[in-house]
Amino acid sequence: MDLNKLKLYTDLDLLKIDQPVVDLLVPFCGQDSKERNPELNITIGRFDKYEKEGKGFIELTSIEESDAFLLPIRYTQKENDVKFEQEIKIFAELAEKSGKKTFVFLGSDIDYFDVKIKNAIIFCNTLYQSRRKNNEFAFTFFFEDFIEKYL
């Protein structure tokens with residue numbers, strides 16, 4: 001048993017929903033075509049090393065063996081998005097039934113969000129300290145190691 005790996009359960013069937021794949025899944029799903037397009041992305045290469053080495057510290061596994069759940073797509077940015085909630089309903093119910101935490105990523109600078117997954121740990125780019133809940137954490141977008149790449 002490798003105690004150094006984060007073991008996550010996710011449902012890759014949810015990738016069919018029209019939302020971006022979360023960056024944690026790059027080692028398992030590859031990089032989005034926009035990541036490789038120099039006309040759309042000034043940070044080409046930021047995931048190359050992670051794509052090669054990420055499986056060394058993250059493992060996708062069964063519900064029973066997992067440390068936590070991972071919603072594989074970014075959470076909707078629309079208020080009252082009933083269609084999205086319905087599409088992730090079975091996943092959310094499994095997560096709740098398991099009693100495990102669920103990592104949920106929001107993908108842009110929005111200040112409104114209402115994640116309806118119980119036991120969610122929410123990662124967002126925009127948070128107001130005065131409104132931040134205990135299960136909400138700020139994260140930045142991922143970039144390459146500037147020192148390694150440019151020095």
Q) With sequence neighbours excluded, what pairs up with K16 under the side-chain contact (heavy atoms from CB on, under 4.5 Å) test? A) none
(Q) Just so I know, are the side chains of L15 and C29 near enough to count as touching, which here means a heavy-atom distance under 4.5 Å? (A) yes
(Q) If the condition is side-chain contact (heavy atoms from CB on, under 4.5 Å), which residues does E51 pass it with, not counting sequence neighbours? (A) V26, Q31, R36
Q.
Tell me every residue that passes salt bridge (Lys or Arg N to Asp or Glu O under 4.0 Å) with K97, counting only those two or more places apart in sequence or in another chain.
A. none
Q.
Quick check: do V22 and T10 have side-chain heavy atoms less than 4.5 Å from each other?
A. no
**Q.** Partner set under ring-ring contact (aromatic ring centres under 6.0 Å, His included) for Y9, not counting sequence neighbours
**A.** F69
Q: Only counting residues at least two apart or in another chain, list the ones meeting side chain to side chain donor-acceptor pair (under 3.5 Å) with D81.
A: T76
Q | Partners meeting ring-ring contact (aromatic ring centres under 6.0 Å, His included) with F47 (sequence neighbours left out) | A | none
Q: Give a yes or no on this: more than 12 heavy atoms of other residues, nucleotides or ligands lie within 6.0 Å of atom CD1 of I17.
A: yes
Q) Taking only residues two or more places apart in sequence, or in another chain, which ones meet K89 in a side-chain contact (heavy atoms from CB on, under 4.5 Å)? A) Q86, E93
Q.
The criterion is side chain to side chain donor-acceptor pair (under 3.5 Å); which residues satisfy it with K100, sequence neighbours excluded?
A. S66
Q. With K83, which residues qualify under side chain to side chain donor-acceptor pair (under 3.5 Å), at least two apart?
A. E87
Q) Sequence neighbours excluded, which residues qualify as salt bridge (Lys or Arg N to Asp or Glu O under 4.0 Å) partners of E85? A) none
Q) Is the closest side-chain heavy-atom distance between L14 and L71 below 4.5 Å? A) yes
Q. Picking from F105, F84, F103, what satisfies ring-ring contact (aromatic ring centres under 6.0 Å, His included) with Y75?
A. F84
Q) Which residues satisfy the side-chain contact (heavy atoms from CB on, under 4.5 Å) test with A92, sequence neighbours excluded? A) I117
